[in-house]
Amino acid sequence: MNGLGNEIVVLDLRGGGAAGGDLARAINAHPATKFDQMMVILPPRVAGTDAFVDIYNCDGTPAGACGNGTRCLAHVLMSETGKDALTLHTAPGILNAWREGPDRYRVDMGVPRFGWDEIPLSEEFRDTRAIELQIGPIDAPVLHSPSVANVGNPHAIFWVDDVEAHDLGRFGPMLEHHPIFPEGANISLAHVTAADAITLKVWERGAGLTRACGTAACAATVSAARTKRTGRAVTVTLPGGPLNIEWREADDHILMTGPVEMEFSGMVDLETGDWSRVDMAGEAARP
Ligand SMILES: N[C@H](CCC[C@H](N)C(=O)O)C(=O)O
């Protein structure tokens with residue numbers, strides 16, 4: 001599947017079997033199933049939830065949260081039940097999702113955290129709206145003073161005037177693994193174009209440059225609102241298209257709304273990651 005061009009593999013293990021980082025890497029090694037994130041659907045662990053979900057990056061590391069993948073899961077599970085709402089359980093918490101249209105879903109991504117030890121950062125920063133971090137010459141930094149936020153995973157947002165003016169493919173890896181981020185970080189360039197609009201480009205932890213990153217859109221919106229760059233309802237335009245993000249005043253929850261697309265389905269060998277295509281109805285296997 002894909003969510004705004006963010007490539008997602010949804011692996012349904014409710015019937016049994018186990019998946020980990022090795023399987024994620026093996027599936028990602030096949031050109032047709034190269035992905036950004038793999039969402040593993042497991043049987044529910046808590047009453048009142050529809051499924052437990054494990055999330056992996058294409059390099060096999062755990063992702064914590066994935067906004068675009070969560071919409072894809074919402075599509076798969078709601079298509080199955082015919083319901084318009086569901087509750088997912090992921091490592092960082094419980095997420096509610098709703099169908100907004102045939103291929104459009106809204107997810108409550110929960111409450112963002114801003115404490116330096118919640119991001120986490122490796123040293124104390126009292127103000128996470130702009131931390132002292134820069135790259136480039138000391139007196140003429142190329143990128144500096146990012147806002148940081150945790151929305152189920154760690155994000156650093158650099159505010160720029162043009163997201164294309166910087167080589168994120170070059171700076172991304174360096175910033176993702178910067179010692180200030182003990183668990184790594186997703187790195188964004190954000191251009192605020194209006195009080196309700198941000199253009200965003202993301203280097204993802206464990207996945208690199210992607211066409212879209214839902215959690216980064218959430219982190220950019222809350223960080224922009226917190227620093228008075230925008231209001232609390234923002235359209236975030238990524239290379240793959242727009243996401244609507246609202247940081248709800250009443251309870252500080254972040255609501256993310258956007259599209260999903262089904263590409264194809266298949267059966268995968270859980271030992272080797274080898275797979276074969278199956279038609280959308282899951283009936284006849286094709287070579
Ligand atoms: N693409 C995802 C985010 C993946 C984050 C992952 N790269 C990490 O935190 O390690 C999204 O739509 O939110």
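In each ligand, atom 1 is the first atom listed, and ligand 1 is the first ligand listed.
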Note to self: With a heavy-atom distance limit of 4.0 Å, tell me whether I55 approaches ligand 1 through its side chain, its backbone, both, or neither.
What the structure shows: neither
Margin query: For T237, is there any backbone N or O sitting under 3.5 Å from a side-chain donor or acceptor partner on T199?
Written below: no
Check: When you measure from atom 7 (N) of ligand 1 to every protein heavy atom, which one gives the shortest distance, and what is it?
Finding: R205 O, 2.7 Å
Item checked: Closest protein heavy atom (residue, atom, distance) for atom 6 (C) of ligand 1 -> N57 OD1, 3.2 Å
Checklist line | Heavy-atom nearest neighbour in the protein, as seen from atom 5 (C) of ligand 1, with distance rounded to 0.1 Å | finding: N153 ND2, 3.2 Å
Checklist line | Element-labelled atoms of ligand 1 that are located less than 4.0 Å from some non-hydrogen atom of A65 | finding: 3 (C), 4 (C), 5 (C)
Next item on the list: Is it possible for you to say whether L209 and I135 belong to one hydrophobic cluster, with membership spreading through side-chain heavy-atom contacts below 4.5 Å?
Entry: yes
Notebook entry, point to check: Is T81 reaching over with its side chain to a backbone N or O of K83, donor-acceptor style, under 3.5 angstrom?
Noted result: yes
Margin query: Under 3.5 Å between any N/O of P154 and any N/O of ligand 1: does that happen in this structure?
Written below: no
Notebook entry, point to check: If you measure from each non-hydrogen atom of T210 to ligand 1, which part falls under 4.0 Å: side chain, backbone, both or neither?
Noted result: neither
Note to self: Both conditions, 6.0 Å and 45 degrees, for the charged tip of R106 above the ring of W98: are they met here?
What the structure shows: no
Checklist line | ligand 1 contact on N6 by region, counting heavy-atom pairs under 4.0 Å | finding: side chain
Notebook entry, point to check: Hey, does D36 sit under 4.0 Å from ligand 1 if you only count heavy atoms?
Noted result: no
Item checked: Residue N68 vicinity, atoms of ligand 1 by number, heavy atom under 4.0 Å -> 11 (C), 12 (O)
Note to self: Checking a contact table here: which protein heavy atom is nearest atom 2 (C) of ligand 1, and how many Å away?
What the structure shows: C66 SG, 3.2 Å
Next item on the list: Please state which part of A207 comes within less than 4.0 Å of ligand 1, counting heavy atoms only: side chain, backbone, both or neither.
Entry: neither
Notebook entry, point to check: Are R129 and F114 in a cation-pi contact, defined as NZ or CZ under 6.0 Å from the six-membered ring centre and within 45° of the axis?
Noted result: no
Notebook entry, point to check: Quick check, are the ring centers of F158 and W203 under 6.0 angstrom apart?
Noted result: no
Margin query: Could you measure the distance from the CZ atom of R14 to the CD1 atom of I41? Nearest 0.5 Å is fine.
Written below: 5.0 Å
Next item on the list: Would you please determine whether G206 falls within less than 4.0 Å of ligand 1 on a heavy-atom basis?
Entry: no
Check: Is the backbone N or O of G258 less than 3.5 Å from a side-chain atom of R71, with the two atoms forming a donor-acceptor pair by type?
Finding: yes
Margin query: As a check for students: among L4, I8, T215, L243, identify the option with a heavy atom nearest to atom 3 (C) of ligand 1.
Written below: T215
Notebook entry, point to check: With a cut-off of 4.0 Å, which atoms of ligand 1 are near a heavy atom of G67?
Noted result: 11 (C), 12 (O), 13 (O)
